[in-house]
Amino acid sequence: MSEAVLFRAEKKLVRAQLVLLGKALARDGSAADTLLPAVAHGFGHQDPDVQERSLKLAERHLRKVTDPGVRADLVLASEQLHTGLRSRAADLLGSAPAAPEPEAHEEILPPFPEPTRLAPPPVTAVEAAEEIGAALAAQPSVAEFERALDGLVRLAHQDREGLSQALEPVFARCWWDGAGQGDARSAESRFLRSGGGVYRASDGLEIPLAALRGSIRTGHLLKAVRESGTHRGCQHRPLAEVFEARLWEVAYRIRTEPLPFLLSTPSWSTGLLEPDELVDRLDAYRRLGARVAETDFAQALLRVRRADPVRAAAAAERAAALGTAEGARVAAWLTAETPWPTSKRRTHATRLLIDHGEVSDLRDDSFPAAFRLLGEPMDAGRDWYCYHDTGLLRQWPALMPERRELTAARMVRDMAALALHDVRGTGAVLPQLAECGGEAGEATHLCLAYGLGARHPEDRLAAVDALLTLAADDRLSAERLGTEIRLLTRTGALKPARLAESLRTAAATGAYRTVWEVLGHALPPLLAGLAFAGTPMRGLGDLVGVAAECAERCGARGELPHLDRAADRRGSSLLVTQARRLRDTLALPGTPSQ
């Protein structure tokens with residue numbers, strides 16, 4: 001019975017079983033030979049408090065043992081105890097403590113997620129209608145949205161009548177579908193800017209659908225195209241303007257001059273577009289004599305891969321040889337340096353936010369007005385009403401897949417809401433951010449820190465995925481993330497118990513050294529605060545416990561500043577016992593494992 005209970009995570013259940021064992025041993029000393037090996041099952045429990053309770057029970061009743069084999073069993077079981085208890089058990093049992101030299105630690109990180117190639121575009125009207133219907137039925141991923149949009153554009157150019165017929169079942173489910181003039185006005189009032197813009201990705205797909213159906217008049221489509229980039233609003237507005245401007249332009253061209261296909265459809269699920277593919281598409285446009293759509297071309301520039309200079313230079317030569325204005329622009333863009341804006345922190349109530357300065361290349365007049373908004377300085381402290389749905393946030397990392405920081409800076413407030421308010425679901429965008437390219441700077445790490453302290457478990461798990469992805473890509477700065485955690489914990493934005501749960505989950509995948517390095521930067525200032533605080537912050541002991549386990553697993557040695565402040569406190573609280581455990585581990589002889 002004890003073997004079945006003492007491994008469980010429910011602490012009250014485990015402690016109750018230890019109490020029962022203690023009463024049985026006190027009542028009948030002759031049972032020690034049978035019951036102490038059962039007590040030893042607690043030596044391997046994940047909670048160090050359970051380990052210590054089990055060892056104390058063994059200490060109290062060891063003298064009642066008569067069978068020499070029981071003592072040998074206890075010596076073997078004591079190897080499961082954490083470092084701070086092993087020497088104590090060795091003194092009790094009269095055995096030599098285990099060799100303190102740590103085994104070589106091999107950090108286990110998951111492989112960096114490979115992006116998925118977008119499947120070839122649909123070739124028939126029926127296939128395109130199926131893709132579009134599926135994207136409307138549920139909030140689509142980047143790949144699903146882009147395939148549906150590209151299929152709509154291609155088939156509207158190749159077989160408009162056939163596409164309209166294939167879409168009849170889809171139109172029938174759309175609230176705006178109808179032949180009357182009143183229905184047209186209703187659709188226009190909902191879709192046009194006065195009606196609030198796009199709330200979700202599926203809403204955006206309905207704009208070109210309504211244009212194909214004739215539910216929005218051509219004059220209003222033209223007005224929406226001309227007004228793109230002239231609106232202001234929340235932190236997301238520049239991202240939303242870019243996303244919407246492309247859709248209005250597609251809708252207008254479907255009615256006036258259908259595009260053969262989109263230049264900006266990404267090659268990969270992350271939103272990245274291969275430079276060779278962009279040049280091939282521009283060449284096809286040249287041969288067809290098709291007029292390039294301004295917003296579609298601008299989106300293609302923001303998506304094209306520039307991180308591989310060799311491939312970018314080769315594609316630039318081919319683009320310049322096309323002899324078109326767009327080819328020359330692509331050639332210049334692929335070989336240009338990517339400027340990074342200056343940034344600074346600001347404190348807003350309990351939140352830390354990021355302001356960033358102007359992004360010079362995005363402010364160029366050759367970009368449409370909506371895209372120039374992305375290059376404007378951002379003041380994160382301004383309060384704006386925001387209506388954007390989490391389904392739309394999933395599309396935004398794919399707008400600038402090699403400029404992760406620019407997107408992350410506009411999502412910091414969303415991630416802060418995960419930790420500070422009862423918001424859920426937004427954290428799902430964090431793994432997408434982690435898979436993007438470009439610098440992972442202050443904004444990315446601040447988003448990650450908020451996600452690790454999110455209120456709801458699914459958001460914390462998404463943040464753990466993002467942390468491991470950044471670490472696997474060698475983009476994670478343990479010092480920066482530890483600093484963000486420390487600052488946000490001290491302002492009260494993050495709760496240590498939630499952080500401990502997230503970091504324990506990350507460490508359990510095998511990333512013990514990564515988590516230890518993060519906590520090695522986060523904990524010292526928090527421990528230093530014990531000199532001024534009568535009562536430690538709630539949950540600090542949990543964080544120290546995670547650090548102790550990681551230090552044991554990865555063979556960390558040395559000193560952690562201010563750890564003695566916690567370890568030398570009176571009592572046997574979780575903070576004190578875990579601090580002593582960590583100090584004992586770090587003080588072991590030997591060199592840290594690499």
Side-chain angles (χ1 to χ4, degrees), residues 235 343-356 380 393 397 404-405 407-421 423-424 426-434 436 439-471 473 475-507 511 514-527 529 537-540 542-544 546-547 550:
Q235 304 291 321
S343 62
K344 66 177 182 179
R345 296 171 171 275
R346 71 160 62 232
T347 303
H348 192 267
T350 58
R351 295 174 295 183
L352 292 179
L353 303 175
I354 298 287
D355 294 341
H356 72 65
L393 264 64
R404 172 179 21 221
E405 274 293 283
T407 305
R410 297 190 179 276
M411 293 185 175
V412 169
R413 292 181 70 144
D414 301 282
M415 300 304 111
L418 291 174
L420 292 167
H421 307 298
V423 174
R424 72 191 312 158
T426 313
V429 77
L430 287 171
Q432 288 179 259
L433 273 178
C436 287
E439 179 186 2
E442 284 185 324
T444 300
H445 284 80
L446 190 54
C447 285
L448 181 57
Y450 278 123
L452 292 170
R455 177 170 181 174
H456 296 287
E458 61 267 33
D459 292 308
R460 294 198 294 272
L461 189 58
V464 169
D465 287 343
L467 184 155
L468 296 174
T469 297
L470 285 173
D473 196 32
R475 297 278 185 173
L476 181 73
S477 168
E479 179 179 3
R480 179 168 277 164
L481 180 58
T483 300
E484 305 295 0
I485 287 174
R486 180 252 302 176
L487 293 174
L488 292 173
T489 302
R490 293 180 73 173
T491 65
L494 299 184
K495 297 186 184 303
R498 294 177 187 169
L499 284 170
E501 181 181 337
S502 298
L503 294 174
R504 186 179 292 112
T505 301
T514 298
V515 175
W516 162 248
E517 290 174 352
V518 170
L519 287 173
H521 291 287
L523 283 176
L526 299 179
L527 295 172
M537 68 174 62
R538 189 174 181 180
L540 182 57
D542 294 303
L543 272 181
V544 176
V546 176
C550 290

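Residue numbers count from 1 along this sequence.
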Judged by atom type as modelled, is there a donor-acceptor pair below 3.5 Å linking the side chain of Glu405 to the main-chain atoms of Gly441? yes

Shortest non-hydrogen contact from Gly427 to Ala462? O-CB, 3.3 Å

I'd like to know if the side chain of His445 reaches the main chain of Ser477, judged simply by a donor and an acceptor atom lying under 3.5 Å from each other, with no hydrogens or angles considered. yes

Check: Arg455 and Arg424 side chains under 4.5 Å, non-hydrogen atoms: no

Atom of Val515, atom of Ala507 and distance for their closest heavy-atom approach: CG2-N, 3.8 Å

From NZ (Lys495) to CZ (Arg538), nearest 0.5 Å: 8.5 Å

Using 0.5 Å steps for rounding, measure from the OG1 atom of Thr347 to the CG atom of Leu353. 8.0 Å

So do the side chains of Arg475 and Arg404 get within less than 4.5 Å of each other, counting heavy atoms only? yes

CG (Leu468) and CG (Asp473) are apart, to the nearest 0.5 Å, by 12.5 Å

Do you know the tightest heavy-atom contact between Ala419 and Arg498? O-NH1, 3.4 Å

For Val544 and Leu527, what are the C-alpha separation, side-chain angles and deciding distance, and is it a side chain to side chain contact (heavy atoms under 4.5 Å, CB included)? CA-CA 9 Å; Val544 176; Leu527 295 172; 4.3 Å; yes

Is any side-chain heavy atom of Leu467 closer than 4.5 Å to a side-chain heavy atom of Leu503? yes

Which heavy atom in Cys550 sits nearest to a heavy atom in Trp516, and how many Å separate them? CB-CB, 3.9 Å

Student check: side-chain heavy atoms of Glu442 and Arg480 closer than 4.5 Å: yes

Can you check side chain to side chain contact (heavy atoms under 4.5 Å, CB included) on Leu418 and His456, steps first, answer last? CA-CA 8 Å; Leu418 291 174; His456 296 287; over 6 Å; no

Take atom CZ of Arg345 as the centre, draw a 6.0 Å sphere, and report whether it contains more than 12 heavy atoms from other residues, nucleotides or ligands. yes

So do the side chains of Leu481 and Leu452 get within less than 4.5 Å of each other, counting heavy atoms only? yes

Flag side-chain contact, heavy atom, 4.5 Å: Asp465 against Leu430: no

Between Ala493 and Tyr450, the two heavy atoms sitting closest are CB-CE2, 4.2 Å

Per side chain to side chain contact (heavy atoms under 4.5 Å, CB included), Leu499 is matched among Ile485, Leu519, Leu488, Val546 by Ile485

With a 4.5 Å cut-off on side-chain heavy atoms, are Leu433 and Leu470 touching? no

Would you compute the distance between atom CZ of Arg346 and atom CD1 of Ile354 and round it to the nearest 0.5 angstrom? 10.5 Å

Drop me the distance from Glu501's CD to Leu461's CG, to the nearest 0.5 angstrom. 9.5 Å

Within this structure, what is the CD-OG1 distance for the pair Glu484 and Thr444, rounded to the nearest 0.5 Å? 10.5 Å

Would you indicate whether the side-chain heavy atoms of Leu352 and Val412 approach each other to under 4.5 Å? no

Where Ser502 and Val464 come nearest, the two heavy atoms and their spacing: O-CG2, 3.3 Å

